[in-house]
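Take a look at the structure set out below.
Since the model is a prediction, treat every value here as computed from it, not as a measurement.
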Amino acid sequence: MAPILLLLLPALGAVVLPLLPERQDILRRVCLAPLLLQLAIGLTQLGKSPSELHQVWIPRIGLGFDLGLDGLSAPLAALIALICLVTVLATPAEQARPRLFLSLLLATDLGLTGAVLARNALLFLLAFELVLIPTTLLLAVWGGPRRVQAAIQYVMYGAVSGLALLGAVLALGWLSGEGFSFAFADLAAMQLSPENSRWIFALLLLSFGLKLPVVPLHGWQPLAYGQASSPVAMLLSGGVSLLGAYGLLRFAIGFMPEQWILWSPWIAAVGAFTSAYGALNALAQSDIRRLVAYGSLGHMGLLVVALASATPLSLQGVVAQLIAHGLISALLFLLVGLIDSKTGSTQIPDLAGLLNPYRGLPFTLGLFLLALMASAGIPGLAGFVPEFMMFEASWTPFPIPTLLCLVASGFTAVYAVRLFNRVGFGRLDNNRVDYPSTVWSERFPAMLLAALVVIGGIWPGLLVGWSESSTSALALRREPFTALVAVAPSASPRQLPS
């Protein structure tokens, strides 16, 4: 029943909102109600035994309404609901065309939640593609001056990702040997020839690498994050990007473990390069939005190295990092939006002295410092434990990529300190000092995210504890990091001893 409710609530909200009058206060309340219920249901499912729902839908094409909740999907479903909830709270009171904006936001929520709950590859594909439509409109209608260019790039990259996933899913269903079945259980048990598995695996890497993203498949990300309004950037960085990592876990590792082990050194190398590329580009940025975008790209690189390691600890760290990164990146983009709305600029050379207690934005900058510290992995905040887990688990199988990610993590602290020093300290520009103060309705969503970032650092079990059983079942290596690849063709790689 819980999976149905998690999908039904945003779907009903998206249908009802267009029927209401164009009044911001009414629309926000109607939008918040299903999101609050969705979040409450998601939180109640944490730590529970896995459950699945199987309902025949269109059997002739193998499409079933198959949903499930386990230690991997339940925390991500709760995270999606939380990010969408905070996105609504962070939407400006004077938001243009609020009815359409909030309807598209709920449609995005529906697609994201449907993807993490799906237990049928074709159903996953439908949800995966559903996300692209509303997010493209959110970027194209409510973005910055280059929003059209950003939306075109975003939809082109998304279309390639969707086509690659479509090809892989159709091939998996055709070759499953179960009468064109797309059920996850059938796909996990299938035996593919090396020739077929190689090109299907390459399609999966292309599709989810574009969504994550990783270098060199990241071309859409800096411009899209830089041109998106703050609520939309929160949704893209905290919600949409997790589909890439989730897809790699469910499809690439879950269905094709032998290929994952074979390709893992190259995957780790790409992750390390992405981490270094993101950190170095963040150092060179003069716009805060693009700096945060490249910083997010760098964190995805470490996550890819941990995925390549595929140990129980590294995969548990990946899920924890998805939660922590969702919270931290959403907080960063929310605060950048507040700075932009109060100062009229996100250009670093234009900003100085914002920490001034009388004429600056001390409250916003204080939370901004907290978010930067969390992004840099400072102990006691949500970013530390997931990164530590991924570093520790990835060191033995891939020492050089892990070392490069460790160096890139050091650069994260460098650009965070440089950014805060430039915008927080110094002399205020007397021609631009009439900054309006933030009000409590603007502060509350930032305070909520900041509180969760602190709680996640003090109580790491909030991030780590939910996924252990599911990630251990997906793991391909055990200490002392020997690959669990089938020695005999009929052996299941997850059943072999380490």
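- Judged purely by distance below 3.5 Å, without hydrogens or angles, the side chains of Thr311 and Ser314 pair a donor atom with an acceptor atom.
- Remark: the backbone N or O of Tyr277 is paired with a side-chain donor or acceptor of Asn281 at under 3.5 angstrom.
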Given Leu242 and Ile80, is the side chain to side chain contact (heavy atoms under 4.5 Å, CB included) satisfied, shown in steps? CA-CA 9 Å; Leu242 69 81; Ile80 291 166; 4.2 Å; yes
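- Aromatic ring pairs are classed by plane angle as parallel below 30°, tilted from 30° to 60° and perpendicular above 60°; the pair Phe251 and Phe124 is tilted.
- No donor-acceptor pair closer than 3.5 Å links the side chain of Arg422 to the backbone N or O of Leu419.
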Anything under 3.5 Å between a donor and an acceptor, one on a side chain of residues 69-78, the other on a protein residue two or more places apart or in another chain? List them.
from  : atom 1 : to     : atom 2 : distance (Å)
Asp70 : OD1    : Leu72  : N      : 3.0
Asp70 : OD1    : Ser73  : N      : 2.9
Asp70 : OD1    : Ser73  : OG     : 3.0
Asp70 : OD1    : Arg250 : NH2    : 3.0
Asp70 : OD2    : Arg250 : NH1    : 3.4
Asp70 : OD2    : Arg250 : NH2    : 2.8
Ser73 : OG     : Gly68  : O      : 3.4
Ser73 : OG     : Asp70  : N      : 3.0
Ser73 : OG     : Arg119 : NH2    : 3.2

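- When side chains are defined from C-beta on, Leu332 counts as touching Ile328, because their heavy atoms get closer than 4.5 Å.
- A donor and an acceptor atom, one from each side chain of Ser309 and Ser394, are located under 3.5 Å apart.
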Verify side-chain hydrogen bond (donor to acceptor under 3.5 Å, both in side chains) between Thr346 and Asp287, making sure each step is shown before the conclusion. CA-CA 6 Å; Thr346 57; Asp287 182 88; 2.7 Å; yes
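- A 4.5 Å side-chain heavy-atom check between Lys342 and Thr364 finds every atom pair outside the cut-off.
- Here CG of Leu165 is found 5.0 Å from CG of Leu125. Values are rounded to the nearest 0.5 Å.
- Closest approach of Gln153 to Leu223, counting heavy atoms only: OE1-CD2, 3.8 Å.
- Side chains of Ser375 and Thr412 form a contact here, defined as non-hydrogen atoms less than 4.5 Å apart.
- The distance from the CZ atom of Phe333 to the CD1 atom of Ile288 is 11.0 Å, given to the nearest 0.5 Å.
- Leu372 CG to Ile378 CD1: the interatomic distance, rounded to the nearest 0.5 Å, is 10.5 Å.
- Residues Tyr294 and Leu283 have side chains not in contact (no heavy-atom distance under 4.5 Å, counting atoms from C-beta outward).
- Annotation: the span from Leu302 atom CG to Met390 atom CE amounts to 4.0 Å, rounded to 0.5 Å.
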Steps toward side chain to side chain contact (heavy atoms under 4.5 Å, CB included) verdict (Leu106, Leu35): CA-CA 9 Å; Leu106 287 176; Leu35 291 174; 3.9 Å; yes
Stepwise, does the side chain to side chain contact (heavy atoms under 4.5 Å, CB included) test hold for Ile267 with Leu307? CA-CA 8 Å; Ile267 295 170; Leu307 282 170; 5.7 Å; no
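- Taking 4.5 Å as the limit, every side-chain heavy atom of Pro222 sits out of range of all side-chain heavy atoms of Arg289.
- Leu212 approaches Ala245 most closely through the heavy-atom pair CD1-N, 3.3 Å.
- Heavy atoms only, all atoms of each residue included: Ala151 and Ala140 are closest at CB-CB, 3.6 Å.
- Note: Leu236 CG to Leu138 CG = 8.0 Å, rounded to the nearest 0.5 Å.
- When side chains are defined from C-beta on, Leu82 counts as touching Leu327, because their heavy atoms get closer than 4.5 Å.
- Annotation: side chain of Gln285 is not in contact with side chain of Tyr415 (no heavy-atom distance under 4.5 Å).
- For the pair Trp142 (side chain) and Arg97 (backbone), a donor-acceptor distance under 3.5 Å is absent.
- The environment of CZ in Phe391 is crowded: more than 12 heavy-atom neighbours from other residues, nucleotides or ligands sit within 6.0 Å.
- Residue Cys31 comes nearest to Leu17 through the heavy atom pair CB-CD1, 4.2 Å, listed as atom of the first residue, atom of the second, then distance.
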Evaluate the criterion side chain to side chain contact (heavy atoms under 4.5 Å, CB included) for residue pair Leu334 and Leu367; output intermediate values, then yes/no. CA-CA 10 Å; Leu334 172 57; Leu367 292 183; over 6 Å; no
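- Here the straight-line distance linking atom CG of Leu43 with atom CD of Gln38 works out to 10.5 Å at 0.5 Å rounding.
- Within 6.0 Å of atom CG in Leu36, more than 12 heavy atoms from other residues, nucleotides or ligands are found, so the atom counts as buried in its surroundings.
- When all heavy atoms of Leu243 and Ala115 are compared, the closest pair comes out as CD2-CB, 3.6 Å.
- Between the side chain of Ser409 and the backbone N or O of Cys405 there is no donor-acceptor pair closer than 3.5 Å.
- The shortest distance between side-chain heavy atoms of Phe388 and Pro379 does not fall below 4.5 Å.
- The closest donor-acceptor contact from the side chain of Trp220 to the backbone of Leu210 lies under 3.5 Å.
- Side-chain N or O atoms of Gln227 include one that pairs as donor or acceptor with a backbone N or O of Arg146 at under 3.5 Å.
- The aromatic rings of His299 and His325 lie tilted to each other, with the angle between the two planes from 30° to 60°.
- Judged by distance alone, with hydrogens and angles left aside, the side-chain atoms of Ser296 form no donor-acceptor pair with the main-chain N or O of Val292 at under 3.5 Å.
- Glu468 contributes no side-chain N or O that, together with a main-chain N or O of Gln316, makes up a donor-acceptor pair within less than 3.5 Å.
- Ser286 and Pro349 make their closest contact through O-CD, 3.6 Å (heavy atoms, listed as atom of the first residue, atom of the second, distance).
- The stretch residues 154-163 participates, sequence neighbours left out, in these side-chain hydrogen bond (donor to acceptor under 3.5 Å, both in side chains) pairs: Thr135-Tyr154, Ser161-Ser207.
- Counting heavy atoms of neighbouring residues, nucleotides and ligands inside a 6.0 Å radius, atom CD of Glu129 exceeds 12 of them.
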